[in-house]
Amino acid sequence: MKQQDDSGKSEAFTDLLARVQACTVCAAHLPHPPRPILRVSPTAHLLIVGQAPGRRVHETGIPWNDPSGDLLRQWLGMTREQFHDVSRIAIVPTGLCYPGTVKGSDLPPRPECAPLWQPPLRAAMPGIRLTLLIGAYAQAYYLGKRRGRTLADTVHAWRDFAPDFLPLPHPSPRNRGWLKRNPWFEAEVIPILRERVGALLAAGDNDGAYLSY
Ligand code: SF4
């Protein structure tokens with residue numbers, strides 16, 4: 001049996017987080033020293049996998065602390081407090097560090113990051129029952145060839161990925177046009193998202209300790 005400290009953290013979990021925090025694998029390609037931004041907990045039931053931190057998230061160290069996060073919380077029907085309850089909700093983007101921008105747009109997540117850290121972090125959270133795949137990078141990593149031809153095709157086919165995954169568009173202000181062109185998303189998928197997340201969090205035991213960075 002793994003040893004745990006007073007707050008319930010296993011040594012293996014603490015060691016893994018220390019290794020993530022100390023990661024410098026792609027430091028040469030980042031605009032700032034690495035600052036992995038994630039929320040993880042051995043007791044989490046819901047995992048949110050997005051793209052990579054933007055500049056504001058990098059500066060504050062708080063995931064989804066931007067207009068994209070505001071819309072995501074609106075989709076989920078959650079307050080900030082509920083969203084940041086790390087004992088229930090884990091947040092591990094495809095790229096953990098801010099990759100910088102080019103011509104005002106965020107660069108893609110560093111390709112080294114997801115293969116390196118998604119598998120061990122998921123394995124350290126055995127209670128995860130639903131993973132929200134937000135945007136094309138998260139869908140590419142987790143769904144691979146199972147993805148549709150377009151992001152809309154993938155999201156529209158959400159039933160094909162249940163119960164483990166639910167693909168969503170990125171709630172970036174840049175995607176407001178996509179949302180207008182695809183009204184079925186808010187009419188059909190948002191109610192499913194709220195129903196599934198609500199049921200999951202209501203059913204989950206919330207008795208564990210947590211860690212976050
Ligand atoms: S983006 Fe990922 S791989 Fe690169 S330094 Fe940060 S944690 Fe390491």
Side-chain angles (χ1 to χ4, degrees), residues 9-44 46-69 72 83-128 130-144 147 151 164-165 167-175 209-213:
K9 299 175 289 195
S10 74
E11 275 180 33
F13 199 88
T14 305
D15 289 350
L16 173 60
L17 282 178
R19 284 192 288 122
V20 172
Q21 204 177 30
C23 180
T24 58
V25 163
C26 69
H29 302 283
L30 300 175
H32 304 291
R35 186 183 190 192
I37 296 179
L38 64 158
R39 293 281 190 272
V40 285
S41 154
T43 59
L46 175 69
L47 173 61
I48 297 175
V49 182
Q51 186 167 320
R55 184 179 52 79
R56 184 166 156 191
V57 170
H58 169 78
E59 288 170 356
T60 62
I62 302 171
W64 295 99
N65 186 28
D66 54 16
S68 298
L72 177 59
F83 183 81
H84 288 294
D85 179 357
V86 69
S87 68
R88 294 170 179 243
I89 300 176
I91 300 173
V92 184
T94 318
L96 300 181
C97 299
Y98 172 51
T101 58
V102 63
K103 293 182 181 171
S105 296
D106 286 344
L107 284 165
R110 287 301 310 173
E112 302 89 340
C113 199
L116 186 61
W117 293 122
Q118 291 286 332
L121 287 167
R122 279 188 73 87
M125 297 186 285
I128 296 293
L130 173 64
T131 301
L132 303 183
L133 301 175
I134 301 183
Y137 294 104
Q139 290 159 22
Y141 178 73
Y142 275 101
L143 303 180
R147 276 185 304 160
L151 185 136
D164 296 332
F165 299 107
L168 301 171
H170 199 286
S172 161
R174 291 172 184 272
N175 274 349
Y210 61 85
L211 277 181
S212 64
Y213 285 98

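Note that ligands are numbered from 1 as they come in the structure, with each ligand's atoms numbered from 1 the same way.
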If we only count heavy atoms from C-beta on, is the [X] to [Y] side-chain gap below 4.5 Å?
X      : Y      : value
Cys97  : Arg110 : no
Leu107 : Pro31  : no
Tyr141 : Val49  : no

Note to self: Going by the rule ring-ring contact (aromatic ring centres under 6.0 Å, His included), which residues pair with Tyr142 if we only count those two or more places apart in sequence or in a different chain?
What the structure shows: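 Scan of Tyr142 (ring-ring contact (aromatic ring centres under 6.0 Å, His included), adjacent residues dropped) gives Phe165.
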Note to self: Strictly by side-chain hydrogen bond (donor to acceptor under 3.5 Å, both in side chains), give each pair with a member in residues 48-57 just once, sequence neighbours left out.
What the structure shows: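 As it turns out, the side-chain hydrogen bond (donor to acceptor under 3.5 Å, both in side chains) pairs with a partner in residues 48-57, which skip direct neighbours, are Arg55-Glu59.
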Item checked: Qualifying side-chain hydrogen bond (donor to acceptor under 3.5 Å, both in side chains) pairs, either residue in residues 89-109, two or more places apart ->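 Every candidate side-chain hydrogen bond (donor to acceptor under 3.5 Å, both in side chains) pair involving residues 89-109 fails, so no pair, neighbours aside, qualifies.
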Margin query: For atom 6 (Fe) of ligand 1, which protein N/O/S atoms fall under 2.8 Å? Skip waters.
Written below: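 Those protein N, O or S atoms (cut-off: under 2.8 Å from atom 6 (Fe) of ligand 1) are Cys97 SG.
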